[in-house]
Protein chains: 2
Amino acid sequence: MTDLSRRQVTLDEVAERAGVSRSAASRVINNAPHVSKAKRAAVLRAVADLGYVPNATARALATQQAGAVVLAISSDSAQVFADPFFAEVVVGISATLDETELELMLLLATSSRGRTRLEQLLRTRQAAGVMLMSMHGDDPLARLAEQSDVPVVFGGCPIGFEPRYYVDADNRGGARLATEHLIASGRTRIATITGRMDEGAGGARYKGFQEALAVAGLDASRVAHADFSEDGGTAAMRELLDKHADLDAVFVASDQMAVGALQVVKEAGRSVPGDVAIVGFNDIAGARHIDPPLTTVAQPIQSLGREMARMLLALISGDTPTPLILPTRLVRRGSS
Amino acid sequence: MTDLSRRQVTLDEVAERAGVSRSAASRVINNAPHVSKAKRAAVLRAVADLGYVPNATARALATQQAGAVVLAISSDSAQVFADPFFAEVVVGISATLDETELELMLLLATSSRGRTRLEQLLRTRQAAGVMLMSMHGDDPLARLAEQSDVPVVFGGCPIGFEPRYYVDADNRGGARLATEHLIASGRTRIATITGRMDEGAGGARYKGFQEALAVAGLDASRVAHADFSEDGGTAAMRELLDKHADLDAVFVASDQMAVGALQVVKEAGRSVPGDVAIVGFNDIAGARHIDPPLTTVAQPIQSLGREMARMLLALISGDTPTPLILPTRLVRRGSS
DNA sequence: TTCGTAACTGCAAGCGCTCCCAGACCAGCT
DNA sequence: AGCTGGTCTGGGAGCGCTTGCAGTTACGAA
């Protein structure tokens, strides 16, 4: 079957063994036309006999197109990637890519070295395409990405500018859903803890919150800003309790923050959801196990990955896709 | 500064502009010796002027060595990657790789296509090195990996055979720690819910449990096997309660399962930790927020990734590292 | 001045593959 | 028999870079 020699088997050897020219062999490998049945068979046999595997590097050099796409997370801290969110996105991307010949490269563009790498990637067609996540709108790399030669799709719409190609979850709609749910269950003094307002998701969720309140004619001034982290949620909730002691519900822009907030509310001697209802965002794995189980907004994370990859594939093959907004849905549990 | 032409800047252009030969330019780029100061400076200037970035593909082809290492997750389901565990590992790996020129490729070898890809990777030095996780000992790919030409390090020691190079967490020690803690707090009828026994971590944790009990002269027959999943934990706990109604503590081989088990125990009307103490394993993000907060064994996941990458780097540069076992530690919380 | 040696220099040969192109071959026509 | 329009075929020129090697230069020692 496969031979044990250390050296890699080359196309030339296949060609020789099959008694054809290298070109013919190449055509067979890429199943291009203009090869007789007989030769095709001979080449195929030689391939099997020798255990030939095309050298991706050489191919990439010759065709001038890379065999990999990259998922780049642009952020100040590598820690953000530790968020299970990305793991799920990766699963989605990987599922789509699995049907192609493309490999997935991961770039945590967190250090300045990482950023330099990303920049080079964008400038020099080393990758067949790039998926960009956690990109801030005011990041110069965002601009660069937008006018880059390589196909780029954004995951999540950064605040400040709308990329040509992106897929995002319906953050605004989800937030609105959550807030409307709070309103529908009779709450009237509804507060919110926002995420980072310099991120797309943060802004959009806040906007959704405001919209719902506006429609219902309720006061939307109970606001505390945080950073999506649990500690941030804790601090923000303290602030809220302090400034708006009368609140009877709070829409928290992430489950992590909701966890922190919940703690504070309970410690303040108020019951959840009796005294104050809480709704989170993301539906993280632990959401159903905290006490009380957290009502939250779920987004289709794997689909997000899948669609990003799909859009990138379309771009690579020359199509012109349109931005995609994936639906979010309310998951009702005990905290509201 | 950088020019806007679509075409990539090549070494030839740099050389021409600097008025040197291509070889000289190449030597400068790779800062090799035998280049006069003057020419070196000229080349450097040209590089800056032109915004030259070496073409990694061409370089890889010429040097016959790939510019990327791959992290391959070999498993029947892509879902396992959704476990935040991997995200953390990736952060660790990425941190180490950040100091090198190597890129990180991700391969979820889940479908048969994925497995084929992994196999080719192992056969044909397309990657500078491979990190393998979730590999089962009886997987033929494990064998192949072990005798592959490319450097391979295992993450976690698969059951059934010990790879030459691996880094693992001290699962057995951690389990022992947990069980001893249970014993020390006066429990005597201690049960366990194991993970998949065909995985290294599953077996090792079970072994640690047995050891601790043996040392204390306690009965180690209260055992239910599960699969690391929450549902598995639920079922196993039911089985345990059914067959060993007298149990007063249970060491659960993963937090996910512990969550399920906890639910069952509470539903059965027994208090935690009053009637039965529970200790988990992994210290997942949610562990501190469930009710009661879960006592568990924490492992240094990012370090795991960091050390895997470090070991691979050593291997690539020709060293011969020795397997590494990272310490685990008990995190005491409310459930025990 | 003449050597010897070590530091430079650049030519050219690849790395493995793709793909253009000119030529061969083979009907099927006129 | 001479054409025309195919379909094959393999030679060869790259893709951008590294590197062995033969040739050049510089420079202190003889």
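Computed from heavy atoms alone, side chains included, the values below leave out hydrogens, waters and symmetry copies. Note on naming: letters A, B, ... go to the chains in the order of the sequence lines (proteins, then strands), and numbering restarts at 1 for each one.
- Atom CG in B:L61 sits about 12 Å away from atom P in D:dT19, given to the nearest Å.
- Between A:N55 and C:dC15 there is no side-chain N or O to OP1 or OP2 distance below 4.0 Å.
- Between its opening and closing five pairs, the helix from C:dT1-D:dA30 to C:dT30-D:dA1 changes axis direction by 60°, a value rounded to 10 degrees.
- Counted within 6.0 Å of CD on A:Q120, heavy atoms from surrounding residues, nucleotides or ligands total more than 12; the atom is thus considered enclosed.
- In this structure, B:E146 does not pair ionically with B:R143, as no charged nitrogen and carboxylate oxygen lie closer than 4.0 Å.
- Between B:R22 atom CZ and D:dG14 atom C1' there is a gap of 12 Å when expressed in whole angstrom units.
- Taking atom CD of residue B:Q8 and atom P of nucleotide D:dC15, one finds them 11 Å apart after rounding to whole Å.
- Remark: B:R17 does not engage B:D12 in a salt bridge, criterion side-chain N to carboxylate O under 4.0 Å.
- Using a cut-off of 4.0 Å between Lys/Arg side-chain N and Asp/Glu carboxylate O, A:R113 and B:E99 are scored as not salt-bridged.
- Put simply, CD on A:Q64 is 8 Å from P on D:dC15, counting in whole angstrom units.
- In this structure, B:S26 reaches the bases: a heavy-atom distance under 4.0 Å links it to at least one base atom across the strands shown.
- Rounding to whole angstrom units, CG of residue A:N30 and P of C:dC20 are separated by 12 Å.
- Rounded to a whole Å, the CG atom of B:D12 is 13 Å from the P atom of D:dG14.
- Remark: the backbone N or O of B:A309 is not paired with any side-chain donor or acceptor of B:T96 at under 3.5 angstrom.
- Rounded to an integer number of Å, the gap from B:Q65 CD to D:dT18 P is 11 Å.
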I'd like a list of close polar pairs between nucleotides 5-9 of chain C and the protein, N/O only, cut-off under 3.5 Å.
residue	atom	partner	partner atom	Å
C:dT9	OP1	B:S36	OG	3.1
C:dT9	OP2	B:S36	N	2.9
C:dT9	OP2	B:S36	OG	3.4

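- The base of D:dC15 has none of its N or O atoms less than 3.5 Å from a complementary donor or acceptor on the side chain of B:T57.
- Ion pairing between A:R22 and A:E13 fails under the 4.0 Å rule for side-chain N and carboxylate O.
- Between the B:R123 side chain and the B:D149 main chain, no donor and acceptor come within less than 3.5 Å of each other.
- Atom CG of B:L11 and atom C1' of D:dT19 are 13 Å apart (whole Å).
- Residue B:S23 is the one, among B:T63 and B:S23, whose nearest nucleotide of DNA chain C lies closer to the 5' end (criterion: closest heavy atom).
- Under the 30°/60° scheme for interplanar angles, the aromatic rings of A:F154 and A:F161 are found to stand perpendicular.
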- Message: Run A:N30 and A:R59 through side-chain hydrogen bond (donor to acceptor under 3.5 Å, both in side chains) and show every step you take.
- Response: CA-CA 11 Å; A:N30 301 294; A:R59 189 186 301 223; 3.1 Å; yes
